[in-house]
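Beneath this line is the structure, given in structure tokens, with notes to follow.
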Protein chains: 2
Amino acid sequence: MSIQHTPHQNHLLDALPAAEFARLQSHLELVKMPLGLALYESGGQLHHVYFPTTAIVSLLYVMADGASAEIAVVGNEGILGIALFMGGETTPSRAVVQSEGYGYRLKARLLKDEFNRAGPVMRLLLRYTQALITQMAQTAVCNRHHSVEKQLCRWLLLSLDRLPGNELSMTQELIANMLGVRREGVTEAAGKLQRDGLIEYSRGHIMVLDRPGLEMRVCECYQVVKTEFDRLLPSLHNSVID
Amino acid sequence: MSIQHTPHQNHLLDALPAAEFARLQSHLELVKMPLGLALYESGGQLHHVYFPTTAIVSLLYVMADGASAEIAVVGNEGILGIALFMGGETTPSRAVVQSEGYGYRLKARLLKDEFNRAGPVMRLLLRYTQALITQMAQTAVCNRHHSVEKQLCRWLLLSLDRLPGNELSMTQELIANMLGVRREGVTEAAGKLQRDGLIEYSRGHIMVLDRPGLEMRVCECYQVVKTEFDRLLPSLHNSVID
DNA sequence: ACTGATATGTTCGATACCGAACATAAGCAT
DNA sequence: ATGCTTATGTTCGGTATCGAACATATCAGT
């Protein structure tokens, strides 16, 4: 059985008005996003923007000593490469595929031109950017105040929201990298969640058995971000802006 | 002696092309910003945008249990109320005056109209927003990996960059609130800096004696943010965008 | 000078996380 | 089956920060 791929799997593309979508459609290029692929390096040029459909991509800051932390997650609800239309051309963050899958890409020039029409595409992208800002801000607060276990719950739920099933492929080592904590810390937190029957994992495969249970344990950060995404980007296209 | 106030003290306003500045100038209203004033509450309506000149404003996230953390600082280099033009109308953050002073405000409607012209003002605001995003992201990473002392250095330098002299009015209690740590933690870190002759403080007044010394101790986060601001917002107006 | 309020200093034990080392176990290639 | 690699589990001592309680010091008002 082969999987159907369509740009409409990405919520931003799906939310475009017909005219705008028509302009871009033929330029959208399906790309495979294997685990670990870096779509952008810190400070590098952005030649394309990416609209994930089944993949999940993490925005990571890597520090001089190698320590890292995830500042946001982008999946089928979003776009990678906002610095392009924000005017900076580049950012100090890396974008790394965290969960393999597919997405569509578009040449930088085309997206910029579309953005510069200052129409619905621009407004949609700016709203998405604001939602992303909320996610970053909440991550900062969460890093400050919440335990590894709560952050793991948040991370699992954010990932789950961007995937079709209830399973994700991810080693504890990689999760630790995302959260910016030690692998052992993740092992301990995940072990606790497993003992309590919320998840089940083995060698890089995590199955969520009790999603409501996770939602009970997660810190408020998850819900704040989710609510803000829903508020700013109701899944149906809504052209009543301004 | 009376202090001169002019919108040009704010770098964004100062960077506007003459035509745009002329349109807005008569609508700019000088406002006093006393310590602790909340320009915006979480989720509240934004009736004005603010351009600080001598004041510094913190963007804070306050959590359900009262714990808080600063996610960004805005002074004479920036603007408060970006959610207005990003399309969200509101944000989950609070904006609180951290260092008293003055600024100019502009009615929300006027800024939106100006933004919607999709000209240089829009491009400038978007670039500023990207710089702000960098600051938030770096704050998230810093919260994760760096000691209170390093973060205090970062905070002092960020504040200093937005003030005329080498002195700031700020109790350790308030700094602790910003950094999202205990007051005692700030006392200890500040005590160390004082013993080493980098700063001198008493009851809410901090004088920086050795700025290079602070720059030696601060984590890389400070420089990353500063470099990105300089890159995105060179102080002279540069209309060569796109 | 007195008083109260506020800012800062100091201590204590508790806890979460770190850093390192090592043990087990599951998958993979041959 | 054998061995190699990778993922996960466990332990240990060290450190930073926390939470709370209390001590001191400076300022403002009377």
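The sequence lines fix the lettering, A, B, ..., with proteins before strands; numbering per chain opens at 1.
- Contact annotation for G204(B): backbone-only contact, meaning every heavy-atom pair under 4.0 Å involves sugar-phosphate atoms and none involves a base.
- Atom pair R144(A):CZ and dC17(C):P shows a separation of 13 Å (rounding to whole Å applied).
- The distance from atom CD of E200(B) to atom C1' of dT8(C) is 15 Å, rounded to the nearest whole Å.
- In this entry the distance linking CD of E173(B) with P of dC27(D) reads 18 Å, nearest Å.
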Between T227(B) and R231(B), is the side chain to side chain donor-acceptor pair (under 3.5 Å) condition met? List the steps. CA-CA 6 Å; T227(B) 301; R231(B) 181 179 79 83; over 6 Å; no
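- Atom CD of E188(A) is separated from atom C1' of dT15(C) by 12 Å (rounded to the nearest Å).
- Counting only heavy atoms from C-beta on, T171(B) has its side chain closest to dA7(C) among dA7(C), dA7(D), dC18(C).
- Of the residues near DNA chain C, G185(A) and S202(A), the one whose nearest nucleotide (by heavy atom distance) lies more toward the 5' end is G185(A).
- Between dT6(C), dG19(D), dC17(C), one nucleotide has an atom nearer to the side chain of R182(B) than all others, and that is dG19(D).
- Side-chain nitrogen and oxygen atoms of Y201(A) include at least one within less than 4.0 Å of the OP1 or OP2 phosphate oxygen of dG9(D).
- Taking the side chain of R183(B) as heavy atoms from C-beta on, and the options dA7(C), dG9(D), dT8(C), the nearest nucleotide is dT8(C).
- In plain terms, the two heavy atoms of H205(A) and S169(A) that are nearest each other are CE1-OG, 3.1 Å.
- The two residues G75(B) and N10(B) make their nearest non-hydrogen contact at O-ND2, 4.1 Å.
- The side chain of Q172(B) sits closest to dG9(C) out of dG9(C), dG9(D), dA20(D).
- Across the protein-nucleic acid pair, M170(A) atom CE and dT6(D) atom P stand 17 Å apart, rounded to whole Å.
- Residue-level contact check: E184(A) touches the bases, meaning some heavy atom is under 4.0 Å from a base atom.
- Residue order along DNA chain C, read from the 5' end via each residue's closest nucleotide, puts H146(A) first among R203(A) and H146(A).
- In this structure a side-chain-to-backbone donor-acceptor pair under 3.5 Å is present from S42(B) to P92(B).
- The side chain of V148(B) approaches dT17(D) more closely than any other nucleotide in the set dC18(C), dT17(D), dT8(C).
- Rounding to whole angstrom units, CG of residue N177(A) and C1' of dA7(D) are separated by 14 Å.
- Although no hydrogens or angles enter the test, the distance criterion places a donor-acceptor pair under 3.5 Å between the side chain of Q151(A) and the main chain of H146(A).
- Protein atom NE2 of H205(A) is 16 Å distant from nucleotide atom P of dT6(D), rounded to whole Å.
- Distance from the side chain of T187(A) is smallest for dG9(D) among the nucleotides dA21(D), dT17(D), dG9(D).
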